[in-house]
Amino acid sequence: MSTHADSKPWTVPALADAKREGRKLVMLTAYDNSFARVMDANGVDLVLIGDSLGMVVQGHDSTLPVTVDDIAYHTRVVARGLTRALLVSDLPFQSDATPERALDAATALLQAGAEMVKLEGAGHKLDVIRFLVERDIPVCAHLGLTPQSVLKFGGYRVQGRGEAAAAQLRDDARAVAEAGAQMLVLECVPSSLAAAITADIAIPTIGIGAGPGCDGQVLVLHDFLGLDTGHRRPKFVKDFLADGGSVAGAVRAYADAVRSGAFPDDAHSY
Ligand code: KIV
């Protein structure tokens with residue numbers, strides 16, 4: 001199976017090359033330097049400073065309390081542990097409410113060591129994506145179950161079910177790609193829809209609860225290690241520590257399973 005050369009650092013343009021060449025992208029969230037180093041040394045291509053840190057590190061019930069300073073802090077400590085993986089950092093709740101606010105937040109995160117920022121949604125966020133990309137800030141979009149919209153959704157539920165919702169999601173995916181996003185995270189959507197979106201657009205899709213048809217996969221660190229975070233375990237979560245025997249082994253088992261297409265299987269998809 002073809003992979004990115006072990007010693008070669010990832011770049012944003014290389015993500016589209018991977019999709020064209022059919023190489024799966026392996027992504028995990030990290031929040032500290034030691035885990036970042038293990039991931040970097042064991043085949044992870046992309047590390048995400050997710051605002052999930054609000055739930056798995058800070059003990060909140062949602063990602064809404066997370067601030068730009070929180071993400072910048074974790075970005076700085078993780079960046080010092082990476083030599084090869086590309087570092088993506090979340091724009092937290094409402095830090096991307098306007099293009100100008102998003103530019104300030106994204107600048108702070110890039111100065112802390114991020115190489116790409118991730119933001120949730122389409123709609124008015126399309127202007128934000130365009131504004132950032134025109135100013136040389138690489139953007140990863142995030143559609144489907146966007147956790148910052150939990151109050152609007154009324155909980156953490158699978159999105160894109162039914163014809164109208166699926167068509168809207170396909171339109172949104174095309175729109176974020178046209179606005180200039182260079183990658184798209186699809187969270188909690190039916191596998192068939194995620195596969196159709198992946199075929200529709202030239203930028204790589206990274207699935208989490210979105211089935212095996214995406215161009216790559218991401219999991220939250222604590223979920224992938226089988227830790228009890230005090231939150232309900234979604235169906236797509238798999239404990240790779242049980243398979244891998246050690247943290248490094250778990251990372252390798254996950255990377256191999258993503259690259260071979262063994263993860264996610266039907267039992268971990270919608
Ligand atoms: O915050 C996060 O960890 C994320 C992933 C779930 C994709 O956005």
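Just follow the structure's listing: the first ligand is 1, and inside any ligand the first atom is 1. As the structure is a computational prediction, the values presented were derived from the model and not from experiment.
- Applying the salt bridge (charged side-chain N to carboxylate O under 4.0 Å, His left out) criterion to Asp32, with sequence neighbours excluded, gives no partner residue.
- When only interatomic distances are considered, the shortest N/O to N/O separation between Glu187 and ligand 1 does not fall below 3.5 Å.
- The closest approach between His142 and ligand 1 falls below 4.0 Å for a heavy atom of the residue.
- The environment of Tyr156 atom OH is dense: over 12 non-hydrogen atoms of other residues, nucleotides or ligands sit within 6.0 angstrom.
- Here Arg174 pairs with Asp200 in a salt bridge; the nearest charged N to carboxylate O distance falls below 4.0 Å.
- Here the protein heavy atom with the shortest distance to atom 5 (C) of ligand 1 is Leu48 CD2, 3.7 Å.
- Applying the 4.0 Å criterion to heavy atoms of Gly50 picks out, from ligand 1, the atoms 1 (O), 2 (C), 3 (O).
- Within the listing of ligand 1, atoms 3 (O) sit less than 4.0 angstrom from a heavy atom of Thr29.
- Considering Arg101, Lys118, Lys125 in turn, Lys125 is the only one that fulfils the salt bridge (Lys or Arg N to Asp or Glu O under 4.0 Å) rule with Asp96.
- Taking a 4.0 Å cut-off on heavy atoms, Lys118 registers as neighbouring ligand 1.
- Here Arg233 does not pair with Asp228 in a salt bridge; the nearest charged N to carboxylate O distance is not below 4.0 Å.
- With Asp45 as the fixed residue, the salt bridge (Lys or Arg N to Asp or Glu O under 4.0 Å) test singles out one of Arg259, Arg23, Lys24: Arg259.
- Heavy-atom proximity to Ile208, at under 4.0 Å, picks out these atoms of ligand 1: 6 (C).
- Residues in residues 126-151 take part in these salt bridge (charged side-chain N to carboxylate O under 4.0 Å, His left out) pairs, two or more places apart or across chains: Asp127-Arg130.
- Of all protein heavy atoms, the one lying nearest to atom 3 (O) of ligand 1 is Ser52 OG, 2.6 Å.
- Among the atoms of Asp90, some N or O lies under 3.5 angstrom from an N or O of ligand 1.
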